[in-house]
Amino acid sequence: MILVGTAGTFDEALALLEQSRQAIDVLVLDIQLAGGAEGLRLLTIIGDRARAGETTPNVVMVSGFDQPSLVRAVFERGGAGYVAKTAEVAEILDAIRVVAAGGTAFTAAAVRSVRSAPRRPSDREIEVMALVGAGATNSEAAGSLRLSEKTIESHLRRLFDRYHVFSRTELTVLAISEGWIPRPGVRS
């Protein structure tokens, strides 16, 4: 194995990917880049490029979060593996080797969890939930996101229906427990 480079932010990771396009066979990508779920955003870009016929690296996602919805998001976006940050180094290296050989590196438990995991909300829905979780009113959330109040209400109504919750509090608890938004007072 040869380490091509490291990156701590989305922009650094994208630049590394662009300049090393042919040299990267397996990209080990953290879900959290510079405080947000930017790893999933980069995985989406890689998946879109692969579907367009471009040569792209296979991605092994690493995460400190053990939420089935994140495993599902990685799987749905075309990730080839998911490994917990708490895994032994040998397990991470094995995942890289398996993926480099064309396989996938999802544990059986991870695959089972994908089936029952709630679908991860869109990035915009997560922004709305984060503001609601921080105590913003619909009007305040609309102002922060430069949307109308009706759009915020529409997002919340769809989220309530999708996740079978009945209040902003229940939605916030779900979002925190799934790792979609940070706990109040925790900087992402």
Side-chain angles (χ1 to χ4, degrees), residues 1-130 155 158-159 162 175 178-181 188:
M1 286 185 214
I2 299 170
L3 178 64
V4 174
T6 61
T9 67
F10 173 83
D11 290 335
E12 291 171 354
L14 188 58
L16 179 66
L17 189 62
E18 295 297 333
Q19 66 193 30
S20 307
R21 195 171 285 218
Q22 300 302 318
I24 301 174
D25 295 315
V26 177
L27 176 64
V28 180
L29 182 60
D30 193 331
I31 282 184
Q32 294 291 110
L33 290 174
E38 298 288 6
L40 289 175
R41 185 170 143 215
L42 186 59
L43 179 58
T44 300
I45 290 169
I46 293 167
D48 290 346
R49 289 178 178 180
R51 283 185 289 285
E54 291 183 38
T55 301
T56 59
N58 291 316
V59 177
V60 174
M61 191 69 74
V62 294
S63 176
F65 301 101
D66 190 23
Q67 281 88 9
S69 61
L70 291 176
V71 177
R72 180 179 179 158
V74 169
F75 188 78
E76 288 176 346
R77 286 170 171 78
Y82 187 94
V83 181
K85 284 184 183 179
T86 57
E88 297 291 327
V89 172
E91 183 180 343
I92 295 170
L93 292 174
D94 285 346
I96 294 168
R97 286 184 188 103
V98 166
V99 169
T104 58
F106 290 94
T107 64
V111 172
R112 279 192 302 276
S113 74
V114 166
R115 292 185 186 132
S116 62
R119 181 173 61 94
R120 186 176 190 278
S122 70
D123 291 341
R124 177 61 84 188
E125 289 170 333
I126 289 172
E127 290 174 325
V128 170
M129 287 189 290
H155 279 302
R158 277 193 308 274
L159 290 165
R162 183 182 312 144
E178 289 295 332
W180 300 330
I181 65 172
S188 56

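Remember, predicted model here, so these are calculated numbers, not experimental data.
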Engineer: Which heavy atom of Gly39 sits nearest to which heavy atom of Met61, and what is that distance?
Structural biologist: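 So the two residues come closest at O-CE, 3.7 Å.
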Engineer: Should Met1 and Val26 be marked as a side-chain contact (heavy atoms from CB on, under 4.5 Å) after you check the CA-CA gap, both sets of side-chain angles, and the distance that decides it?
Structural biologist: CA-CA 10 Å; Met1 286 185 214; Val26 177; over 6 Å; no
Engineer: Using the rule given for side-chain contact (heavy atoms from CB on, under 4.5 Å), can you reason through Asp25 versus Asn58, listing the C-alpha separation, both sets of side-chain angles and the distance that settles it, and then say yes or no?
Structural biologist: CA-CA 6 Å; Asp25 295 315; Asn58 291 316; over 6 Å; no
Engineer: Let me confirm one number: the OG1-CD1 distance from Thr56 to Ile45, rounded to the nearest 0.5 Å.
Structural biologist: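 Result: 12.0 Å between the selected atoms.
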Engineer: Between Glu12 and Leu33, is any pair of side-chain heavy atoms under 4.5 Å apart?
Structural biologist: no
Engineer: I want to check something: taking the side chain as every heavy atom from C-beta on, are Pro118 and Arg162 in contact at a cut-off of under 4.5 Å?
Structural biologist: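 They are not in side-chain contact.
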Engineer: Any salt bridge between Arg119 and Glu125, counting N to O under 4.0 Å?
Structural biologist: no
Engineer: Of the non-hydrogen atoms in Tyr82 and Val74, which two are nearest, and what is the gap between them?
Structural biologist: CD1-CG2, 3.8 Å
Engineer: Please examine the side chains of Leu40 and Arg120, heavy atoms only from C-beta on, and report whether any two atoms are closer than 4.5 Å.
Structural biologist: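 SC-SC contact between Arg120 and Leu40 confirmed.
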Engineer: Would you say the side-chain atoms of Arg77 and Thr44 include a donor-acceptor pair closer than 3.5 Å?
Structural biologist: yes
Engineer: Show me the side-chain donor-acceptor pairs of residues 91-108 shorter than 3.5 Å, one per line, residues at least two apart or across chains.
Structural biologist:
unit_1, atom_1, unit_2, atom_2, d
Thr107, OG1, Ala110, N, 3.0

Engineer: To the nearest 0.5 Å, tell me how far Leu17 CG sits from Leu42 CG.
Structural biologist: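 Answer for the CG-CG pair, Leu17 versus Leu42, is 6.0 Å.
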Engineer: Can you tell me how far the CG atom of Asp30 sits from the OG1 atom of Thr6, to the nearest 0.5 Å?
Structural biologist: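 Atom-to-atom, Asp30:CG and Thr6:OG1 are 12.5 Å apart.
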Engineer: Does any part of the side chain of Arg158, heavy atoms only, come nearer than 4.5 Å to the side chain of Val128, both counted from C-beta?
Structural biologist: no
Engineer: Can you give me the closest heavy-atom contact between Leu14 and Arg49, atom names plus distance?
Structural biologist: CD1-NH2, 4.2 Å
